[in-house]
S.K.: 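Quick one: the structure is below, questions incoming.
For clarity, every value in this text was computed on a predicted model and none was experimentally measured. We number each residue from 1, following the sequence as shown.
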Amino acid sequence: MKLEVIHRTQFAYAEPVKDSFNEVRLQPTSSDGQACHSFILKVIPSTRLAHFLDFYLNYVHYFEVPESHGSLLIESTSIVTTSVDTRARSETSISLKSLPDCIRLEECYDFLQPSQFVSLGPEIWKLALDASYGMTEVWPVALAIMQFIHCQFQYTPLATNVGTHMTEVIQQRRGVCQDFTHVMIGMCRSLKIPARYVSGYLYNGPAGQLVGAQASHAWCEVYLPGFGWHGLDPTNNCEVDERFVKVAIGRDYSDIVPVKGHYKGPPSKRMNVEVKVRDIT
């Protein structure tokens, strides 16, 4: 599937600000069967852009607007080709007992630890055990955790914010894709399943049956020894397929914030975010 993604973030400040420094993680990756053919980043007021790869090899663009300005526009346009992973994960047989060895793997170590929005207390462990009762293999357990979150938690916009911790989400049993991903990561890690946060976009298609396509989306990837990382979306209770555009990975949301920065001036501002994903195959 060939998709065009337009992500537009507009800031309007109560009074003019200056010395604005920003970094964005908006460029889709070219890996795991996905190819980013083009990426254009536009910033108004215009300024010089630069980029680097962060610790998890995500593209990070950064820029500074030193002069006084009353608004800031950040708009990215990407053309991406996605594909489906055809490996039959349902036929894999990987016991939970084999997972302790994963902590020795460099690609897994960070994704077995607590992180800023993910804790690994006994309550999380008990919740994961209840959700996967009687199961002994990694992939069925991950699927059961995903289904548990989808069924037991209510998708409620504005019930949380970008700083909400997973423990609060578990208490109130509602939130959005970021929250559900944090909960799934915590439940998986508590059972020694390496799990990481993925940011990106979701193509909803003409049927409009999926949740989370109106903005940046988030899902979870779990590690299967011998098979690598595979995506699961607890918000929509489905495996990740060609409708998903992958941008960045991290331990949790704090590692992949799409747009963040600081400036000199009054804190009062308005932010508007628009995301459009269309099939151009």
S.K.: As an exercise, state the distance from CE of Met187 to CG of Leu129, rounded to the nearest 0.5 Å.
M.R.: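 Atom-to-atom, Met187:CE and Leu129:CG are 9.0 Å apart.
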
S.K.: Which atom names give the shortest non-hydrogen contact between His69 and Pro45, and what distance separates them?
M.R.: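 Heavy atoms of His69 and Pro45 come nearest at CB-CG, 3.8 Å.
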
S.K.: Hey, are the side chains of Pro234 and Met146 touching, using non-hydrogen atoms and a 4.5 Å cut-off?
M.R.: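 They are in contact (side-chain heavy atoms under 4.5 Å apart), so the answer is yes.
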
S.K.: Roughly how far apart are Asp110 CG and Tyr56 OH, rounded to 0.5 Å?
M.R.: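 Spacing of CG (Asp110) from OH (Tyr56) equals 3.5 Å.
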
S.K.: Please identify which of these residues, Asn58, Ile74, Val5, Val60, meets the side chain to side chain contact (heavy atoms under 4.5 Å, CB included) condition with Leu26.
M.R.: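 Answer after filtering Asn58, Ile74, Val5, Val60: Ile74.
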
S.K.: So which atom in Ser132 and which in Leu191 form the shortest heavy-atom distance, rounded to 0.1 Å?
M.R.: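 Taking every non-hydrogen atom into account, OG-CD1, 4.0 Å.
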
S.K.: Tell me whether Tyr197 is reachable from Leu112 by hopping between hydrophobic residues (I, L, V, M, F, W, Y) whose side-chain heavy atoms are closer than 4.5 Å.
M.R.: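 No.
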
S.K.: Going by salt bridge (Lys or Arg N to Asp or Glu O under 4.0 Å), name the pairs with one or both residues in residues 30-41, residues two or more places apart or in two chains.
M.R.: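 Qualifying pairs, neighbours excluded: Asp32-Lys246.
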
S.K.: Could you tell me whether the side chain of Glu239 reaches within less than 4.5 Å of the side chain of Leu232, counting heavy atoms only?
M.R.: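 A side-chain contact under 4.5 Å exists here.
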
S.K.: Does any pair with a residue in residues 12-31 pass salt bridge (Lys or Arg N to Asp or Glu O under 4.0 Å), and if so which ones, sequence neighbours excluded?
M.R.: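 Of all non-adjacent pairs touching residues 12-31, those that pass salt bridge (Lys or Arg N to Asp or Glu O under 4.0 Å) are Asp19-Lys264, Glu23-Arg25, Glu23-Lys260, Arg25-Asp54.
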
S.K.: For Asp241, enumerate each residue passing the side-chain hydrogen bond (donor to acceptor under 3.5 Å, both in side chains) test, keeping only those at least two apart in sequence or located in another chain.
M.R.: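 Once residues adjacent in sequence are excluded, the partners of Asp241 under the side-chain hydrogen bond (donor to acceptor under 3.5 Å, both in side chains) criterion are Arg243.
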
S.K.: How long is the straight-line distance from CD of Glu4 back to CG of Asp279, given to the nearest 0.5 Å?
M.R.: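 Asp279 CG to Glu4 CD: 11.0 Å, rounded to 0.5 Å.
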
S.K.: Check this for me: Phe21, atom CZ, are more than 12 non-hydrogen atoms of other residues, nucleotides or ligands nearer than 6.0 Å?
M.R.: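 More than 12 heavy atoms, drawn from other residues, nucleotides or ligands, come within 6.0 Å of this atom.
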
S.K.: Any donor-acceptor pair under 3.5 Å linking the side chain of Thr82 with the backbone of Val245?
M.R.: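 The answer is no, because no donor-acceptor pair under 3.5 Å joins these two groups.
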
S.K.: Can you establish whether the number of heavy atoms outside Tyr253 located under 6.0 Å from its atom OH is more than 12?
M.R.: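 Yes, the 6.0 Å shell around OH holds more than 12 heavy atoms from other groups.
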
S.K.: Going by the rule side-chain hydrogen bond (donor to acceptor under 3.5 Å, both in side chains), which residues pair with Thr156 if we only count those two or more places apart in sequence or in a different chain?
M.R.: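 side-chain hydrogen bond (donor to acceptor under 3.5 Å, both in side chains) list for Thr156, sorted by chain: empty.
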
S.K.: Of all the heavy-atom pairs spanning Ala128 and Ile145, show the shortest one and how long it is.
M.R.: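 Answer, listing the atom of Ala128 first, then Ile145: CB-CD1, 4.5 Å.
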
S.K.: Within the 4.5 Å heavy-atom criterion, are Ser38 and Ile40 side-chain neighbours or not?
M.R.: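 Of all side-chain heavy-atom pairs linking Ile40 with Ser38, none is under 4.5 Å.
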
S.K.: Quick one: does Pro225's side chain get under 4.5 Å of Tyr223's, heavy atoms only?
M.R.: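 A side-chain contact exists here, since the closest heavy-atom pair is under 4.5 Å.
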
S.K.: Excluding sequence neighbours, so at least two apart, what forms side-chain hydrogen bond (donor to acceptor under 3.5 Å, both in side chains) with Ser83?
M.R.: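 Testing Ser83 for side-chain hydrogen bond (donor to acceptor under 3.5 Å, both in side chains), a comparison that skips the adjacent residues, returns none.
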
S.K.: Run the numbers on Val222 and Val138 for side-chain contact (heavy atoms from CB on, under 4.5 Å), then give the verdict.
M.R.: CA-CA 9 Å; Val222 297; Val138 176; 5.7 Å; no

S.K.: When you compare the side chain of Met166 with that of Ile170, does any pair of heavy atoms fall below 4.5 Å?
M.R.: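 Touching, per the 4.5 Å side-chain cut-off.
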
S.K.: How would you list, by chain and number, every residue that makes a salt bridge (Lys or Arg N to Asp or Glu O under 4.0 Å) with Lys126, sequence neighbours excluded?
M.R.: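 Here the qualifying residues are Asp130.
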
S.K.: Does Ile6 reach the side chain of Ser76, with side-chain heavy atoms less than 4.5 Å apart?
M.R.: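 The answer is no, as the side chains (C-beta and beyond) never meet within the 4.5 Å cut-off.
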
S.K.: Keeping the roles fixed (side chain from His37, backbone from Val80), state whether a donor-acceptor pair exists under 3.5 Å.
M.R.: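 No; zero donor-acceptor contacts below 3.5 Å.
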
S.K.: For the residue pair Phe52 and Tyr62, does the interplanar ring angle fall in the parallel (under 30°), tilted (30 to 60°) or perpendicular (over 60°) class?
M.R.: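 It falls in the tilted class, 30° to 60°.
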
S.K.: List the steps, then state whether side-chain contact (heavy atoms from CB on, under 4.5 Å) holds for Gln113 with Ile103.
M.R.: CA-CA 9 Å; Gln113 313 301 322; Ile103 201 167; 4.0 Å; yes

S.K.: With sequence neighbours excluded, tell me which residues meet salt bridge (Lys or Arg N to Asp or Glu O under 4.0 Å) with Glu75.
M.R.: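 Salt bridge (Lys or Arg N to Asp or Glu O under 4.0 Å) list for Glu75, sorted by chain: Arg8, Lys42.
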
S.K.: Got more than 12 heavy atoms from elsewhere within 6.0 Å of NE2, His51?
M.R.: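 No, the 6.0 Å shell around NE2 holds no more than 12 heavy atoms from other groups.
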
S.K.: Could you tell me the separation between the CG atom of Leu202 and the CZ atom of Phe244, rounded to the nearest 0.5 Å?
M.R.: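 One gets 5.0 Å once the value is rounded to the nearest 0.5 Å.
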
S.K.: Kindly say whether the aromatic ring centers of His61 and Phe39 come within a distance under 6.0 Å.
M.R.: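 Aromatic pair counts; centres sit under 6.0 Å.
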
S.K.: Does Val240 belong to the same Ile/Leu/Val/Met/Phe/Trp/Tyr cluster as Trp229, with side-chain heavy atoms less than 4.5 Å apart forming each link?
M.R.: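 Both belong to a single hydrophobic cluster.
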
S.K.: Same cluster or not: are Ile44 and Val259 linked, directly or through other Ile, Leu, Val, Met, Phe, Trp or Tyr residues, by side-chain heavy atoms under 4.5 angstrom apart?
M.R.: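 No, because Ile44 and Val259 fall into different hydrophobic clusters, even though each may have its own neighbours under 4.5 Å.
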
S.K.: From Phe111 CZ over to Arg189 CZ, what is the distance, rounded to the nearest 0.5 angstrom?
M.R.: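 Nearest 0.5 Å value for the CZ-CZ distance: 7.5 Å.
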
S.K.: Would you give the length of the straight line joining atom CD1 of Ile193 to atom CG of Leu96, rounded to the nearest 0.5 angstrom?
M.R.: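 Here the rounded value is 5.5 Å.
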
S.K.: May I ask you to check whether Tyr13 and Tyr263 place their ring centres under 6.0 Å from each other?
M.R.: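 Yes.
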
S.K.: Answer yes if Val17 and Phe63 sit in the same cluster of Ile, Leu, Val, Met, Phe, Trp and Tyr residues linked by side chain heavy atoms under 4.5 Å apart, and no otherwise.
M.R.: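 Same cluster: Val17 reaches Phe63 through Ile, Leu, Val, Met, Phe, Trp or Tyr contacts under 4.5 Å.
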
S.K.: Considering non-hydrogen atoms only, spot the tightest contact between Phe180 and Gly175 and give its length.
M.R.: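 Scanning both residues, the minimum pair turns out to be CZ-O, 3.5 Å.
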
S.K.: Considering residues at least two apart in sequence or located in another chain, which fulfil the side-chain hydrogen bond (donor to acceptor under 3.5 Å, both in side chains) criterion with Ser119?
M.R.: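 Here no residue qualifies.
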
S.K.: List the atom of Cys177, the atom of Tyr155, and the distance in Å for their closest heavy-atom pair.
M.R.: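 Closest approach of Cys177 to Tyr155, heavy atoms only: N-CE1, 3.8 Å.
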
S.K.: Give the minimum heavy-atom separation between Asn22 and Gly261, together with the two atoms involved.
M.R.: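 Heavy-atom minimum between the residues: OD1-CA, 3.7 Å.
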
S.K.: Heavy-atom count check: over 12 atoms from other residues, nucleotides or ligands less than 6.0 Å from Ile280 CD1?
M.R.: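 Yes, CD1 of Ile280 has more than 12 neighbouring heavy atoms, counting only those of other groups under 6.0 Å.
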
S.K.: Check for a donor-acceptor pair, side chain of Thr47 on one end and backbone N or O of Glu64 on the other, with a separation under 3.5 Å.
M.R.: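 Yes; at least one donor-acceptor contact below 3.5 Å.
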
S.K.: Do Asp252 side-chain atoms and Phe117 backbone N/O form a donor-acceptor pair below 3.5 Å?
M.R.: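 Checking the backbone N and O of Phe117 against the side chain of Asp252, a donor-acceptor pair under 3.5 Å is found.
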
S.K.: Hydrophobic cluster membership, with links at side-chain heavy-atom distances under 4.5 Å among I/L/V/M/F/W/Y: are Ile79 and Leu41 in one?
M.R.: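 In one cluster with Ile79: Leu41, no.
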
S.K.: Is there a side-chain contact between Arg251 and Val118 in this structure, where contact means two heavy atoms from C-beta onward sitting under 4.5 Å apart?
M.R.: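 They are not in contact (no side-chain heavy atoms under 4.5 Å apart), so the answer is no.
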
S.K.: Among residues at least two apart in sequence or on other chains, which ones pass ring pair (Phe, Tyr, Trp, His ring centres under 6.0 Å) with Phe148?
M.R.: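 Result, ring pair (Phe, Tyr, Trp, His ring centres under 6.0 Å) vs Phe148: none returned.
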
S.K.: What pairs with Lys269 under salt bridge (Lys or Arg N to Asp or Glu O under 4.0 Å), at least two apart in sequence or on another chain?
M.R.: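 Salt bridge (Lys or Arg N to Asp or Glu O under 4.0 Å) list for Lys269, sorted by chain: empty.
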
S.K.: Give me each pair satisfying side chain to side chain donor-acceptor pair (under 3.5 Å) with a member in residues 169-185, each pair once, sequence neighbours excluded.
M.R.: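 For residues 169-185, and leaving out neighbouring residues, the side chain to side chain donor-acceptor pair (under 3.5 Å) pairs sorted by first residue read Thr160-Asp179.
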
S.K.: Can you confirm whether Asp255 sits close enough to Arg196 that some side-chain heavy atom of one is under 4.5 Å from a side-chain heavy atom of the other?
M.R.: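 They are not in side-chain contact.
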
S.K.: Partners of Asp101 by salt bridge (Lys or Arg N to Asp or Glu O under 4.0 Å), sequence neighbours excluded?
M.R.: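 If we apply the salt bridge (Lys or Arg N to Asp or Glu O under 4.0 Å) test to Asp101, skipping adjacent residues, the hits are Arg104.
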
